[in-house]
Amino acid sequence: MKKSFIALVAFALMVSGGLLSFKSKDKRPNILILFSDDHALQAISAYGSPYIKTPNIDRLAKEGAIYQNMFCTNSICAPSRATLLTGKFSHKNGHKTNLTQFNAGQDMYPKYLQTAGYQTSWIGKWHLQATPQYFDYWSVVPGQGAYYNPDFIEMSGKTVRQEGYATDVITDKALKWLSADRDASKPFCLVIGHKCPHRNWLPDTGDLRAFDNVKFQLPKTFYDNYEGRLAAKRQDMTVTKTMRLKEDLKVDAGDDAFVKRMNPAQQKAWLTYYDKVTADFKKQNLSGRALDEWKYQRYMQDYMGTLLSLDRNVGRVLEYLDKTGLAENTIVIYSSDQGFYLGEHGWFDKRFMYEESHHMPMLIRYPKHIKPGTVDKAIHNNTDFAPTILQEAGLAVPKDMQGQSFFSKTPRKSTYYHYYEYPAEHSVQTHFGIRTDRYKLIRFYNDGEYWELYDLKKDPEELKNQYGNAAYKAIQKQLIADLKKLIFQYEDTEAAEILKKEGI
Ligand code: CA
């Protein structure tokens, strides 16, 4: 009896010791990143969108913080993800464009988290043309992925097609991993990577009619003439000329591959809707600005249509966290790989260091540390994700990571940018630059060398290039000096060489 009592006490101590360490581990927060693709700030109601209501994403702003000055360091899909993973600028992680394979074996936040006992996971859009590493679980769509019945590359190496709408299916997979498959004794760090709302904007069948009776207001700069802005003039990303009637705007697109992969019910709903769109379009026989504006309305209807499912699915994840009691100790981040043009300057797509694509949406809920309703106006960028994750997990931030925590007490004064993918689709010239809270200086190179300077307070739409204007002489000089400083701090030798040639 006595013996078994001692054994019992010993066992209880062992268990409680185990539980204690389990408990102390448990104090480390879970981290959940909802990362969409090409989601413009202008299409989130918490940012004051005139176009759409996104009540579930808005919850994060109400219950946490909205970031007004979060920027991308290279506004394009795969490089943005590479920066998220590594905490480094493109020139340091080696992933400058969408056209190459990412070196997925380099140091990155999931590696450090895994070593420290976190469960790491990435589900959905990945887009890095390399097998994910340092993840306990991953399931990613190949390349851009499909909106309907998407394929997933599984850890086994097999590609498996999943019936359903991509945003739903990706969320289903994430909820399954959270509820059934992960090791619940460890904290987790999960990225739910959405395809939505990437081109060519296919809404779920139930959302096709949602914006039928909405007339979207044309942005003031829709008919921009690009005066004084050579790269803006040269681009190939306008709603009026670049956007394709068939593949993008779905006129007579019934025989396209994206329709063919739908199941019969999806196809029926889809064709019922777009056959009518096509017929109405043909009947109207539009030309000139009437045609331009028809395209704009159709673009906006489809883009916004995809977001309805995205917002619902963000809601599903938040509801799951609430229901399971995980919400209290989970940092939830909503962001997108970059911003996007919704007709501003006449454009869709991204790439430029101008405001709409330079900005990233970001909302963070973290009940333990963020006061509900916080509005953060400090300058942040996407090199800050990885340091934030590591710091909140209680780990040291490696010296070669170039960002700093979103919660840092010493906010940065400016942010650096460098875009590389040229010549390529959309013809956006190579450029680098600096943005402060009021000014932006951009240096274009590699096909004509020139500068642009904007006073965002007086000219928020960036229509008047002030470079060389005597009234901005002192500011221009200061910005060039600050830019040079950032280039040296971040060791961007390519940009340093360009300045050196100019005697800077
Ligand atoms: Ca993107």
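All ligand and atom numbering here is 1-based and tracks the order in the structure.
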Looking at the Ca ion (ligand 1), which N/O/S atom of Asp38 is the nearest one?
OD1
Examine His198 and say whether one of its N/O/S atoms is closer to the Ca ion (ligand 1) than 3.0 Å.
no
Looking at every heavy atom in both Tyr118 and Cys189, which two are closest together, and how far apart are they?
CD2-N, 4.1 Å
Note: OD2(Asp337)-the Ca ion (ligand 1)-OD1(Asp37) angle, rounded to 10 degrees, equals 90°
Under 3.0 Å from the Ca ion (ligand 1) - does any N, O or S atom of Gln338 fall there?
yes
Taking the cut-offs as 6.0 angstrom to the six-membered ring centre and 45 degrees off its axis, would you call Lys195 and Tyr147 a cation-pi pair?
yes
Can a side-chain donor-acceptor contact be found between Thr436 and Ser414 if the only test is distance below 3.5 angstrom?
no
Aromatic contact, Phe432 with His91 (centres under 6.0 Å)
no
